[in-house]
Amino acid sequence: MFSKIFVLALAITPLVAAHGKVAVVTGDAGGNGTALAIKGAVVPGPGPNSKTEVDTTVFGKTNILSDGLGKTTGQGKNTVTMLKQAMALSGSTLPQVSADGNGAISGTFHIVTTDGAGPIQAVIDPTGTGSFSNGTLLTTVTQVPGTKGNIAAPKQRSLWARALIGMGIMKRAANVNEDFPMKFSVPAGTTCSGTIAGQTGVCLVKIANSNKAGPFGGVVAIQMAGTAGTAATATPTAAAAAKRAEEFTA
């Protein structure tokens with residue numbers, strides 16, 4: 001009898017995706033940013049997954065050294081043009097990072113649901129196009145908790161809840177809605193050559209976990225302190241690079 005109930009429970013348990021997203025990033029030399037495609041406070045913290053996960057970036061490969069800007073359920077494929085939207089939320093000055101070896105980015109990683117946790121990694125693309133396969137891994141200073149991208153939701157942290165999850169009766173990807181600090185150091189001598197949304201000297205940083213259900217995270221734009229600027233018009237080379245970035249798939 002129990003086996004029949006167990007099989008029935010597995011059959012009716014919904015298959016759910018889970019998410020963790022980059023909410024806020026600051027540079028050691030100032031500035032503020034958020035990930036591409038983030039919608040801000042219009043997305044609720046607690047609630048059904050279909051409502052809380054809409055602006056979380058999902059990448060196509062668990063290897064963080066893979067190209068592409070990812071996609072969200074709310075806006076589809078991410079593009080570099082979304083930087084304007086991100087700056088409208090976070091301010092006109094991108095995160096500014098020192099180039100002397102003491103540079104770092106820090107911020108908040110928001111775990112939306114239980115499969116969107118740490119550990120996370122970060123890779124920097126100095127071209128600002130999403131070419132992360134040619135990027136440089138950043139050293140993690142402050143890590144987000146989790147094991148293989150998983151963490152228990154507050155209501156799942158009891159022994160009984162964990163047992164139900166283990167049997168498949170309770171869905172794993174429940175709402176977590178918790179913020180955790182993160183920090184990555186940026187190597188000395190890093191230069192940024194991207195031109196995006198009227199900003200010159202832009203690097204893109206991909207931050208993500210390696211959960212096979214995703215992976216989940218986000219892409220943020222940064223600049224090296226003292227070298228950034230604002231472009232009146234994009235040069236043909238920069239425009240071509242921006243177009244290539246928009247063509248990347250998740």
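Residue numbers run from 1 in the order of the sequence given.
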Are [X] and [Y] packed together at the side-chain level, in the sense that at least one heavy-atom pair is separated by less than 4.5 angstrom?
X	Y	value
Gln199	Gln223	yes
Ile111	His19	no
Val80	Leu204	yes
Thr191	Met224	no
Leu138	Val205	yes
Ile124	Phe132	no
Gln75	Gln85	yes
Thr56	Thr72	no

Checking [X] side chain against [Y] main chain: does a donor-acceptor pair fall under 3.5 Å?
X	Y	answer
Thr57	Gly70	no
Asn211	Lys148	yes
Lys206	Gly218	no
Ser193	Pro126	yes
Gln121	Pro119	no
Asp115	Ala213	no
Asn63	Ser66	no

Can you tell me which residue pairs pass the disulfide bond (SG atoms under 2.5 Å apart) test with a partner in residues 178-222, sequence neighbours excluded?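 The answer is Cys192-Cys203.
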Taking atom types as modelled and ignoring hydrogens, do the side chains of Asn134 and Ser131 form a donor-acceptor contact shorter than 3.5 angstrom?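 A pair is found: one side chain offers a donor N or O, the other an acceptor, under 3.5 Å apart.
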Looking only at side chains, do Thr114 and Asn150 share a donor and an acceptor under 3.5 Å apart? no
Show your working on side chain to side chain contact (heavy atoms under 4.5 Å, CB included) between Thr142 and Phe180 and close with a plain yes or no. CA-CA 9 Å; Thr142 302; Phe180 294 93; over 6 Å; no
What heavy-atom pair brings [X] and [Y] nearest, and what distance separates the two atoms?
X	Y	value
Ala221	Leu83	CB-CD1, 3.7 Å
Val144	Met182	CG2-CB, 4.2 Å
Glu53	Val112	CG-CG1, 4.0 Å
Ile64	Val123	O-CG1, 3.7 Å
Phe216	Phe109	O-CZ, 4.2 Å
Ser210	Pro215	CA-CB, 4.0 Å

Hey, which of Asn78, Val219, Asn209 is the one that makes side chain to side chain contact (heavy atoms under 4.5 Å, CB included) with Phe59?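 Among the candidates, only Val219 passes.
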Would a hydrophobic clustering, with Ile, Leu, Val, Met, Phe, Trp and Tyr connected at side-chain separations under 4.5 Å, put Leu137 with Leu69? yes
Name the atoms and distances for all side-chain donor-acceptor pairs under 3.5 Å in residues 20-44, with sequence neighbours left out.
residue	atom	partner	partner atom	Å
Lys21	NZ	Asp55	OD1	2.7
Lys21	NZ	Asp55	OD2	3.4
Thr26	OG1	Ser106	O	3.4
Thr26	OG1	Ser106	OG	3.3
Asp28	OD1	Ser98	N	3.0
Asp28	OD1	Ala104	N	3.0
Asp28	OD2	Ser98	OG	2.6
Asn32	ND2	Ser90	O	3.0
Thr34	OG1	Ala23	O	2.5

Just verifying a value: how many Å separate Met82 CE and Lys77 NZ, rounded to the nearest 0.5 Å? 10.0 Å
Can you tell me how far apart CD1 (Ile120) and CD (Gln143) are? Round to the nearest 0.5 Å. 5.5 Å
Show your working on side chain to side chain contact (heavy atoms under 4.5 Å, CB included) between Ile222 and Ile105 and close with a plain yes or no. CA-CA 9 Å; Ile222 68 169; Ile105 57 172; 4.1 Å; yes
